[in-house]
Amino acid sequence: GAGLTKVDLAGLASEECSRHDVQLLIQDALSLQTLGVDLLLRRMLRDVRDNALRHGGDATQIEMRMQLSQPNRVLIEVSDRGPGIPPEYLEKIFEPFFRLPGHREWQGGTGLGLTLVRSIARHHGGDVQCRLRSGGGATFVVDLPLKT
């Protein structure tokens, strides 16, 4: 496809995490390469990280974790210790311009970050979902195919 190159997901994640002191945990120093559009995948990682920073309280409580989920897939989990997301909104938050009740424009963001995260993940043959984090907070899980 046009503009598709081998993208080092671990490298992108480490750049995006180091900018904000977000802890990055990569299983077995994996070589996590996928075929995709570098700029889009970087944007996806940045938006999911920024969402955690915006809503997740202290950056020291935020972590990004990358691990193999099946032979040819990677899970990228971004976890925070924010107020979490009410279960009935776990899908709605990916809709354009949706905001949780009580969240207003002045709190930053366009309401498009998570919509973009999902559309970029799906463009690359993956998806994203949000789960409640045990102990409080939210975990965003991006599931992508790896290309060797």
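Atom set for the values below is all heavy atoms of this structure, side chains included, hydrogens, waters and symmetry mates excluded. Values in this document were obtained by computation on a predicted structure and should not be read as measured data.
- What you find for Asp143 and Arg73 is that their closest heavy atoms are OD1-NE, 3.0 Å.
- His123 places no side-chain N or O within 3.5 Å of a backbone atom of Arg118 that could act as its donor or acceptor partner.
- Heavy atoms only, all atoms of each residue included: Leu100 and Gly84 are closest at CD1-O, 4.5 Å.
- For Arg49 (side chain) and Glu16 (main-chain N/O), a donor-acceptor pair under 3.5 Å exists by modelled atom type.
- Inspection of the Arg131 and Gln129 side chains reveals an N or O donor paired with an N or O acceptor under 3.5 Å.
- Listed for the Thr139 side chain is no donor-acceptor partner under 3.5 Å among the backbone atoms of Val78.
- For Thr34 against Leu146, the heavy-atom pair with the smallest separation is OG1-CA, 4.3 Å.
- Asp80 has no carboxylate O lying under 4.0 Å from a charged side-chain N of Arg133, or vice versa, which leaves the two without a salt bridge.
- Put simply, the side chain of Ile120 reaches to within 4.5 Å of the side chain of Arg43, judged on heavy atoms.
- Between the CE atom in Met66 and the SG atom in Cys17 there is a gap of 8.5 Å [rounded to 0.5 Å].
- Between Cys130 and Phe94, some side-chain heavy-atom pair lies under the 4.5 Å cut-off.
- Ala13 approaches Leu24 most closely through the heavy-atom pair C-CD2, 3.9 Å.
- Cluster annotation: Tyr89 is connected to Val48 through the hydrophobic network of ILVMFWY side chains, with a link wherever side-chain heavy atoms come within less than 4.5 Å.
- Side-chain contact between Gln23 and Arg65 is absent, with no heavy atoms from C-beta onward closer than 4.5 Å.
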- Task: List the steps, then state whether side chain to side chain contact (heavy atoms under 4.5 Å, CB included) holds for Leu144 with Leu41.
- Result: CA-CA 10 Å; Leu144 288 176; Leu41 290 164; 4.1 Å; yes
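- Nearest heavy atoms, Lys6 versus Leu35: N-CD1, 3.9 Å.
- Using a 4.0 Å cut-off between a side-chain N of Lys or Arg and a carboxylate O of Asp or Glu, Asp50 and Arg46 do not qualify as a salt bridge.
- Without hydrogens or angle criteria, Arg81 side chain to Gly136 main chain gives a donor-acceptor distance under 3.5 Å.
- In this structure, Ser69 contributes its side chain and Leu75 its backbone to no donor-acceptor pair below 3.5 Å.
- With rounding to the nearest 0.5 Å, the separation of CD1 in Ile76 from CD1 in Ile26 is 9.5 Å.
- Nearest heavy atom pair, residue Leu132 against residue Ile85, reads CD2-O, 2.9 Å.
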